Amino acid sequence: MFPYYLKLGALSIRANPVLSGLMVAAIAVGIGACMTIMTVRHVMSGNPIEHKNDQLYHVQVDNWNPDDPYDEPNNPPVQVTYLDAKALFNADRAFRQTTSFKTSRVVQPDGDDARPFQVQARATTADFFPMFDVPFLYGSGWDDSSDQSEERVIVIDRVLNEQLFGGENPVGEAVRLNDETYRITGVLDTWNPVPKFYDVNNNPFEDPAQLFLPFSLAVANDFDNTGNTSCWKPIPDGSGRDGFLNSECIWIQMWVELQNETAKQDYLNFLDAYVEEQKLLGRFPRPLNNHLRNPAEWMEYNEVVDSEVDVLLSLAVLFLIVCLLNTVGLLLAKAMRRAKDTSLRRALGASKSELFRQHVIEAGMIGVAGGLLGIVTTWFGLRGIENLFIEYEFIQHLVRMDWSMVMLAVALAIVSALGAALYPTWRTCNITPATHLRLQ
Amino acid sequence: MEFGPIWRAMMRSKGGYLLIALQIAVTMAIMVNAIAIMQERSIKMSRPSGIDEPNTFGLVSVGFKPDMDTKSLIREDLDLIRNLPGVVNAIATNSYPLRQGGWSEGLHREPGVGKSVSSSAIYFTDEHGLETFALNLLEGANFTPEQVAWDSDSDDFWPSTVIVTEALAKDLFPDHEGSYIGKTFWFNDDNPTNIVGVVERLQAPWPTWTGVERSMLVPLIRESEFVRYVVRTEPGERDRMMAEVEELLSTSNTDRIIRGVRAMEDTRKLSYLGDSAMIKMLTFIVALLTAITGLGIVGLASFSVARRTRQIGIRRALGATKAAIVRYFMLENFLVSSVGIVAGSILAIGLNILMVQQFALTPLAWYVIPLAMMALWIVGQAAVVGPAKRAGNISPAIATRSG
């Protein structure tokens, strides 16, 4: 009977083109609004390092003001001080570990006409690359020994390599940055994790650094931190750079890789012991409050997905509900108008379940049509958002539709249409044939 | 009036009418809350930053040679810019309003490290800050050149004089009445700082910050390879000056690069990008929603007319005028809309309470509800006019036909 009901459905849809069109359009628009926001939310709440989610942990220790927590109610700072970064890194208690901060360098290309330009950089350690599974096009990261010797080595990204070396393999070549010569050890393949999970404190939705260089070198040479620096305790006047490095100011992101739950527990114990030891030296005036958070927990903790998106999503869901109520009303009206046909079929022996199936199939067809059109409206919705944020270039990475979202759009449309069809279909099936056949 | 019979007729087939009422109710809930959000955003966007936005731009100079004499460079740059015809004044600072990046400090009413009583954005500047930002000095005086220090010249980082905004003064000394000049506070350490001037308004660089009106001018120039300049021009000269200053500084010293040359107009746009996008998206959603609900009403009314063709014919044959038929459908719609609108008001308020709790939005203004009510009544009546007129045109002869 299925093909027959499909045919009946098609006939019924064609018999009321305006009405059917209105229903399909209402579902498509509702789905489009919902899916547009859901797609953006899906991208923003993604976890680009999911496959290592249970091995990577962001380190938090609470060195903050005894009278005033970093964040209410009693949340520890989101970055660490140089003192702690250095001590924890040197203790070398994790399988892998990295300390890093955001900085910038001026690249001086060869040639007389070439103008120097500034790029975003990240000062980090050798383990950064293997820890975060960073893909390389040429070469690799640097060794631990380069970290120790503050060697002038760099890793550049693919775009910068195109710009400086025309895309050729530049490993071993020299580049001048701020009048110093650096040796290239590797070139990244395209790597743009969204969100930028390894540093969500300094804008999770921006292009990643184009250039990576040793943390030790950057600290020793006083490279500016272009990310956030927060202090609670004054730095003694006149103490200069050393005063800052030995201060309670936080500005460094620290991650560790721990291969199992035991290792995680051990590391937490190590952190507790470290803080206890520091307390004896007069630091860490607050109670023990150390945390290891995996990337998913870390992004959640830092509310990477803006609540604006949720405001819009809740309105979009309500919008879809209006569109569906609209469809229910129209389906009901249509069913009532066909009461005579239905009564006739009932009188001729069609069972309630047969009628139910027929109408549900018809609603399903409208749902599929609405869903397919919904993909189109979603696409337009995303282009609309892209246009609204045109000045913010990164938006292009947030408005990408993937297959999972396409499937979800169609599924949502079919479920919506079937849901919308339930009440009208139930009413149809319960028509008493006698009432409607009387006048005939 | 015919309310009674219409109401009783509707009660006999509740389903369809309830659906429209429900649709109108949810439409209203969305509409009211969308308008509340749009209002909140446009109020936020219309706050003045306090500076002469149309004639101001910012730029950055980044030195990239080691051991540069940055102090001389900053002095030369400022001389060059200030002497350009078309420029009103310029300063070297760390940030400016709406830039979304800057420096803030916790402030104390007594020396030492404790819980701070207030916090403020910091703008480093020399005595040209007041004119460059075009600030309105309410009391006190501008910095004297002697009060302005270079951070490299002194061990004490924080100067002992500052100019604060009125909002900051009030927040720091809430119980104080009269002049704020001479009032003292501390930046987390032992050196007291005195207020020498109060300006009406100068926003902090972060428009989303709750303390956005709290900022201060600190008479200090920081010696650094990274300098941000703010330039105020004569009216209408901004674009020309932007190009000229960029060219001038790029060539005056090639050991640095000039970047981030940006008019305040664009800084403002970038800063409120999310808010203006929100307003546009919600406007679009509300328009679409109204259209869909309107079309739904048209569709359902048409059906209702088609189904009752015979009854209408009979009424006409029994003497009802065209106008009476039209009125019937208009009134019917009015009743359904009213039920929907009343339910919608409750739903809208409920949703608003939820949104305020969940997303910390501003509660809606009372008059949005009656406004939305009027709008939806009008939409409903407008939507039903067409079908109702068609009903009015049904010929009484229909009554004589069977089936």
Side-chain angles (χ1 to χ4, degrees), chain A residues 18-19 22 25-26 29-30 33 65-68 104-106 108 115-118 177-180 221 224 231-238 306-308 310-312 314-316 318-319 321-323 325-330 332-334 336-337 384-385 388-389 391-392 423-424 427 439-440, chain B residues 13 15-16 19-20 22-23 26-27 29-30 33-34 37 62 64-66 106 113-116 155-157 187-189 191 224-226 256-257 259 266 269-270 273-274 276-278 280-282 284-285 288-289 292-293 295-296 299-300 302-304 306-307 351 355 358-361 402-403:
Chain A
V18 174
L19 191 74
L22 193 58
V29 167
N65 191 337
D67 304 323
D68 201 4
S104 72
R105 289 288 90 187
V106 173
Q108 298 160 271
R115 292 186 95 164
F117 56 94
Q118 194 180 23
L177 307 177
N178 292 58
D179 248 25
E180 301 283 359
N221 291 285
D224 278 336
C231 310
W232 66 271
K233 199 176 185 176
I235 306 170
D237 274 328
D306 202 73
S307 71
E308 299 275 276
D310 291 327
V311 171
L312 276 170
S314 48
L315 291 181
L318 284 173
F319 182 75
I321 290 175
V322 170
C323 294
L325 284 172
N326 197 56
T327 308
V328 178
L330 295 174
L332 184 66
K334 196 167 152 186
M336 290 297 108
R337 195 153 91 165
I385 290 201
L388 287 179
F389 286 93
E391 288 95 346
Y392 170 54
Y423 176 66
R427 284 282 302 269
L439 277 167
Q440 227 68 27
Chain B
S13 57
L19 277 172
I20 320 183
L22 201 57
Q23 190 181 342
V26 183
T27 301
I30 302 177
N33 281 281
I37 296 172
V62 187
F64 57 85
K65 292 276 164 84
V113 181
K115 201 171 166 124
S116 52
D155 272 356
D156 294 334
F157 184 80
F187 290 102
N188 260 349
D189 61 15
N191 300 323
S224 154
E225 290 83 29
F226 182 98
R256 52 98 175 274
I257 53 174
R259 57 172 201 85
D266 295 324
K269 207 187 256 176
L270 216 54
L273 202 55
S276 76
M278 189 75 157
K280 285 174 195 158
M281 281 188 267
L282 291 180
F284 185 67
I285 284 187
L288 213 57
L289 193 64
I292 284 180
T293 302
L295 283 177
L300 288 171
S302 304
F303 262 116
S304 162
R307 232 173 51 154
L351 180 63
M355 293 267 231
Q358 280 289 309
F359 308 118
L361 300 179
S402 67

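What you are looking at is a predicted structure, and each value in this text was computed from that prediction instead of being measured. Residue numbering restarts at 1 for every chain, and letters A, B, ... go by the order of the sequence lines.
Heavy atoms of Asn326(A) lying under 4.5 Å from chain B belong to its backbone as well as its side chain. Only the side chain of Ile257(B) comes within less than 4.5 Å of a heavy atom in chain A; its backbone stays farther off. Of the two parts of Tyr423(A), only the side chain, counted from C-beta on, holds a non-hydrogen atom closer than 4.5 Å to a non-hydrogen atom of chain B. Contact annotation for Ser314(A): only side-chain heavy atoms (C-beta onward) come within less than 4.5 Å of a heavy atom of chain B. If you measure heavy-atom distances from Ala33(A) to chain B, you find no contacts under 4.5 Å at all. Proximity to chain A is limited to the side chain of Phe226(B), based on heavy atoms less than 4.5 angstrom apart. Only the side chain of Leu22(A) comes within contact range of chain B, judged by heavy atoms closer than 4.5 Å. If you measure heavy-atom distances from Leu270(B) to chain A, the contacts under 4.5 Å come from the side chain alone. The part of Ile385(A) that comes within reach of chain B is its side chain, from C-beta onward, which places non-hydrogen atoms under 4.5 angstrom from that chain. Only the side chain of Arg427(A) comes within contact range of chain B, judged by heavy atoms closer than 4.5 Å. Both the backbone and the side chain of Val322(A) come within contact range of chain B, with heavy atoms under 4.5 Å apart. Heavy atoms of Asp224(A) lying under 4.5 Å from chain B belong exclusively to its side chain.
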- request: Evaluate the criterion side-chain contact (heavy atoms from CB on, under 4.5 Å) for residue pair Leu312(A) and Leu282(B); output intermediate values, then yes/no.
  value: CA-CA 8 Å; Leu312(A) 276 170; Leu282(B) 291 180; 4.0 Å; yes
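Within the 4.5 Å cutoff, the side chain of Glu308(A) has no heavy atoms near those of the Ile37(B) side chain. Val328(A) has its side chain out of reach of Leu22(B): every pair of non-hydrogen atoms, C-beta onward, lies at least 4.5 Å apart. Considering only heavy atoms from C-beta on, Leu332(A) stays 4.5 Å or farther from Phe303(B) through its side chain. Residues Leu177(A) and Val106(A) are not in side-chain contact: their nearest non-hydrogen atoms beyond the backbone lie 4.5 Å or more apart. Looking only at side-chain heavy atoms (C-beta outward), Leu318(A) and Leu351(B) come within less than 4.5 Å of each other. With a 4.5 Å cut-off on side-chain heavy atoms, Ile285(B) and Phe319(A) count as touching.
Between Glu391(A) and Leu388(A), the shortest heavy-atom distance links the atoms OE1-O, 4.2 Å. When every heavy atom of Asp179(A) is checked against every heavy atom of Gln108(A), the shortest pair comes out as N-OE1, 2.5 Å.
Chosen from Leu289(B), Val26(B), Asp266(B), the residue pairing most often with chain A at heavy-atom distances under 4.5 Å is Leu289(B). The greatest number of non-hydrogen atom pairs below 4.5 Å with chain A, out of Lys280(B), Arg256(B), Lys65(B), is found for Lys65(B). Interface check for chain B: of the options Ala26(A), Pro66(A), Pro234(A), the most heavy-atom pairs under 4.5 Å are formed by Pro234(A). If you tally non-hydrogen atom pairs under 4.5 Å between each of Asn178(A), Ile321(A), Leu330(A) and chain B, the highest count goes to Asn178(A). Taking chain A as the reference chain and counting heavy-atom pairs below 4.5 Å, the highest number among Gly16(B), Gly299(B), Pro66(B), Ala29(B) is found for Pro66(B). Comparing Gln358(B), Met278(B), Arg307(B) by how many heavy-atom pairs each has under 4.5 Å with chain A, the most go to Met278(B).
Heavy atoms from other residues, nucleotides or ligands lying under 6.0 Å from NZ of Lys269(B) number 12 at most.
Considering CG of Leu19(A) and CG of Leu295(B), their distance stands at 11.0 Å, rounded to 0.5 Å.
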